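Some notes on the structure that comes next.
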Protein chains: 2
Amino acid sequence: MERAEEPRWLSSEERDVWLTLVAVMMKLPTALDAQLRQDAGLSHFEYMVLAGLSEAPARTRRMSDLAGFAESGLPRLSQVVSRLEKRGWVHRSTDPSDGRITLATLTDEGWEKITQTAPGHVAAVRSLVFDPLTKAQSRQLGSIGKRIMGAIDPGDRCLGQNAPL
Amino acid sequence: MERAEEPRWLSSEERDVWLTLVAVMMKLPTALDAQLRQDAGLSHFEYMVLAGLSEAPARTRRMSDLAGFAESGLPRLSQVVSRLEKRGWVHRSTDPSDGRITLATLTDEGWEKITQTAPGHVAAVRSLVFDPLTKAQSRQLGSIGKRIMGAIDPGDRCLGQNAPL
DNA sequence: GGAAAATACTTGAATGTTTAAGTAAACGCT
DNA sequence: AGCGTTTACTTAAACATTCAAGTATTTTCC
């Protein structure tokens, strides 16, 4: 049953940290979703899409760029944008200079939606994440997150530029 | 368009921390799933269920207890345990002293499976989470995670034993 | 200039998850 | 003892996500 190579097992302290991190990964997205769905009828992912458009030049962005921003694949984004388009918050058009490219644009209604939704969501993020932490811990969390992202995906956006909420 | 109450907006530093955290929450579970699925044919959730049973007395635990451990609801657990039962790794039985309670037990095959799978998974957790961090950062991550969990779900198991910093 | 390859996105089928209703056993109150 | 409530879990249906194939446009290379 034992393998030839002895793995470096987790210490009991590491195991405790690990289980805590797993719990946060499971529950924080759920809690955020619940707030947005209840107060605005949006999923967290839909919110990220609208937020990504709201801060782009001319409130417009190509699909694959937006997918990278939202840390998702193209098929998922495509379906979500279809839903948002039906609700009148996003408009799709073909790039005149390259017919393969689809541009997503935030409509005025979409702008109004996101500006109405953002304050409540920011308040939720604050109460769940930043309020329980000291300023020093917030900074540490940033460093820690970036190091972990460096191990998962060294080419990720959150290590170079800045963007949204 | 502006609300009467001015929300405490996120500072640019907080925004950066927040986006980093969102990225970790999106990608770390995916990365873990990929390792387990490729090396062992298990999802991360299935692994957690087997792990939860493996460390219980008599390798047996009641369903709702197991659901709490795995941070999931009962319906999800029920279906996953059905799958694990079909694969021969778990056995279900009714508690003789209370007919409402279902007990899940890890079979010998299940024990073998988890002991074969654990070293590779621990190595992945190490390389993605603990290796990029200093010892001090690991400890900080534990404190930070416990504080956030305290805000999300004050009654969670991972806060039960010791008082969080 | 035209076939082949590459790019950007969409659509459809398979899978898994969440929500809601359903079943069964135990408890509490008369 | 008996009826109603609560608890614990399962099943069924609606929903979302991932994966694979499909369509349309542009670029590349004879």
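Labels below follow one simple rule: chain letters A, B, ... track the order of the sequence lines, proteins then strands, and each chain is numbered from 1. Because the structure is predicted, anything quoted here is derived from the model rather than measured.
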Mind checking whether A:Leu42 and A:His121 have side chains closer than 4.5 Å, heavy atoms only?
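A:Leu42 does not reach A:His121 side chain to side chain.
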
Whole-Å distance separating the [atom1] atom of [X] from the [atom2] atom of [N]:
{"X": "A:Leu103", "N": "C:dC9", "atom1": "CG", "atom2": "P", "result": "8 Å"}
{"X": "B:Met63", "N": "D:dT7", "atom1": "CE", "atom2": "P", "result": "19 Å"}
{"X": "B:Asp33", "N": "C:dG16", "atom1": "CG", "atom2": "P", "result": "11 Å"}
{"X": "A:Gln79", "N": "D:dC19", "atom1": "CD", "atom2": "C1'", "result": "12 Å"}
{"X": "B:Leu42", "N": "C:dT15", "atom1": "CG", "atom2": "C1'", "result": "17 Å"}
{"X": "A:Leu77", "N": "D:dA16", "atom1": "CG", "atom2": "C1'", "result": "14 Å"}
{"X": "A:Leu74", "N": "C:dC9", "atom1": "CG", "atom2": "C1'", "result": "6 Å"}
{"X": "A:Arg76", "N": "C:dT10", "atom1": "CZ", "atom2": "P", "result": "16 Å"}

Nearest to side-chain heavy atoms of B:Thr102, which nucleotide of C:dT17, C:dA25, D:dT10:
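Ranking C:dT17, C:dA25, D:dT10 by closest atom to the B:Thr102 side chain puts D:dT10 first.
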
Nearest-nucleotide pick for A:Arg100, side chain only, options being C:dT10, D:dA16, C:dA6:
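Taking heavy atoms from C-beta onward, the closest nucleotide is C:dA6.
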
Donor-acceptor contact below 3.5 Å, side chain B:Arg147 vs main chain A:Pro132
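It does hold such a pair.
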
Which comes earlier along DNA chain C counting from the 5' end, the contact point of A:Arg62 or that of B:Gly99, where each point is its nearest nucleotide?
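Mapping each residue to its closest nucleotide by heavy atoms, the 5'-most match is A:Arg62.
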
At less than 4.0 Å, is any side-chain N or O atom of [X] found next to OP1 or OP2 of [N]? Yes or no.
{"X": "A:Ser78", "N": "C:dC9", "answer": "no"}
{"X": "B:Ser43", "N": "C:dG16", "answer": "no"}
{"X": "A:Arg92", "N": "C:dT10", "answer": "yes"}

Starting at NE2 of A:His91, measure out to OG1 of A:Thr107 and round the result to the nearest 0.5 Å.
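It is 10.0 Å, given to the nearest 0.5 Å.
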
Under a 4.0 Å N-O cut-off, is there an ion pair linking B:Glu109 with B:Arg87?
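Here B:Glu109 does not pair with B:Arg87 in a salt bridge, since their nearest N and O are not under 4.0 Å apart.
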
A:Asp95/A:Arg62 salt bridge by N-O under 4.0 Å criterion
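Result for this pair is no, no salt bridge flagged.
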
For A:Phe45 and A:Asp95, take the nucleotide of DNA chain D holding the closest heavy atom to each; which residue's nucleotide lies nearer the 5' end?
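The residue whose closest nucleotide sits nearer the 5' end is A:Phe45.
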
